[in-house]
Structures are given as structure tokens and as C-alpha cells.
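Below is one structure; the comments refer to it alone.
Note that ligands are numbered from 1 as they come in the structure, with each ligand's atoms numbered from 1 the same way.
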Amino acid sequence: MESKQTTNTAPAAGAKAPMLRIRDLEVYYGAIHALKGLSLDVNEGEIVTLIGANGAGKSTTLRTISGLLAPKSGSIEFEGTSIAGCGAHDIVRAGLSQVPEGRRIFADMTVLENLELGAFIRSDRDGIARDMDMVFTRFPRLKERLSQQAGTLSGGEQQMLAMGRALMSRPRLLLLDEPSMGLAPLLIKEIFSIIVDINRAGTTILLVEQNANMALSIAHRAYVLETGRITLSGAASTLAASEDVRRAYLGG
Ligand code: ATP
């Protein structure tokens, strides 16, 4: 993709602490051990991607960060404050918002109502109006469909709405779960270039993807997750060039 960014190097000595710092995270679904001591960092300003096969634990990681699942043990710090086990609404209030897998828009509500819901934590009406305009600039198609029932939008439009809704909480860290899922290649390109724009405008991004090619092409750094464990990490360009990663995740 032409929007490839320069490789992000490790933070220099004395650099700021990571924006998101996860250590030794253990998550279970009943007897199923989904995350087995997962640790990762996201630095302010980065796009970090977490790639891995079906069932590796990518969605579980995001759902635990955003407060939808409680970890059994381990720590999650966002901007220096522990958020492990906090409620999902409090985590949005802290500045962290998730675009869930499968979009999860409110199908019976209009596009406008969905966007307004995204701002539920806010009361600054002028700021909300400005951010609504920002969403319309990024996603002009949403503006044309404001009074349309969200459930009747195309898959790509629903992804845009889910992203727009998350942006309405003005997050400093945006978690994206498989934004390419079910979309045609041209639309995937469009969505990924919007992700880069959102990042360049100042929002840090943690991106979960099965489409490792696309994810590595826009990310600064990447982690590979296999059955609940991080098995590789590094600059996205290094992972994209790695023989093992190419064979396992990039189709040769
Ligand atoms: P995919 O790309 O297929 O969504 P993933 O990497 O996001 O995969 P997760 O959805 O996080 O993987 O699943 C990790 C593991 O936890 C899998 O073994 C899965 O079967 C299991 N799991 C996920 N959700 C549940 C649940 N609600 N109840 C029981 N097990 C679950």
C-alpha cells in the first residue's frame, strides 16, 4: 500500500512510558485458557497490529482491554493507570474506544442515532458537533445516509459507521477488531487508508487483523499471537520480511 509508514524504532532511553502496557495477562472462558501470559506495549502515536490465525486470542485481547472480559490475572495500564477489570464505560471515559468485530452497530437505529450514541460520555455540545463534522469528512457516505436505518447499510458502510461511532467518544487509543472482515479488496484499501489518516491526525491505534498483509503494511510494530501467546514481535517491516511470518500468515 502506498501509505506505508516509516519503521518505528524502540523508544529511546528516557522516552515516555507506553500508552498501553499489558503484562502477563491470563484470560479464561470457563475451563478454556484463552490468553496465556500475554504482554504487549502500545506507544503513543503508533499503529500496532496483533496478527494471528483463527482462535489465537486476538479478539479476546481487545475485549479484555476494553473491559468486556475480566482477566484472571495480569496487568493492563492505560496512560499509567490500571484499567484491568474496570467497567467498559469507564474505560471509554478514560479515552480508549473499541470498534468490535462484526461492527455491532445498532441496526434498528439511524446512522445519526448510532453516531450520537458514540458520544454518550460527553456533554460538550460544540465539541460533539465538531467531531460529527470530522466523522462526515472522513466518511462522506455516512453524511449522505444520516436518516437511513443502520441495518440497511452495506458491510463497508457499517464498518465506517462503527469506526465513526467509536471516534465520537474522541478516543486517544482506538482498538480495531478485524476491520477488513467480509469486505471487498477495494473497500479494504479504503478503510485502511482511513485508519492511517486517523492515526496521522493523532489517534494511537491497536489493530487486530487476519489480513496480515494489509495490517503489516500500515503498522509501525506488530505482535504475532499463537494460541494465547505472543510468539514474535518487532517492527512491522521486519515481520513482513520474515520467512516464518510469510509462510504462516502472508501466503508464502
Ligand atoms: P478469530 O480471528 O477467529 O476471531 P481470535 O484470534 O480473535 O479468532 P478469540 O475469538 O479471541 O480468537 O478466541 C480465542 C480462544 O477462546 C478460541 O479458542 C475460542 O474458541 C475461545 N473463545 C472465544 N470466545 C469464547 C467464548 N465466549 N466462550 C468460550 N470460548 C471462547
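Arg63 has its side chain within reach of Gln98: a pair of non-hydrogen atoms, C-beta onward, lies under 4.5 Å apart.
Relative ring orientation between Tyr28 and His33 is described as parallel, the plane-to-plane angle staying below 30° on a 0-90° scale split at 30° and 60°.
For Leu112, the side-chain contact (heavy atoms from CB on, under 4.5 Å) criterion is met by Thr110, Glu116, Met132, Leu146, not counting sequence neighbours.
Residues of the protein with a heavy atom under 4.0 Å from ligand 1 are Tyr29, Ile32, Ala34, Ala53, Asn54, Gly55, Ala56, Gly57, Lys58, Ser59, Thr60, Glu101, Glu178, Gln210, listed by chain and number.
Looking at Asp177, its side chain never comes within 3.5 Å of a backbone N or O of Leu62 through a donor-acceptor pair.
Between the side chains of Glu101 and Ser59, at least one donor-acceptor pair of N or O atoms lies under 3.5 Å. A side-chain donor-acceptor contact under 3.5 Å links Thr60 and Tyr29.
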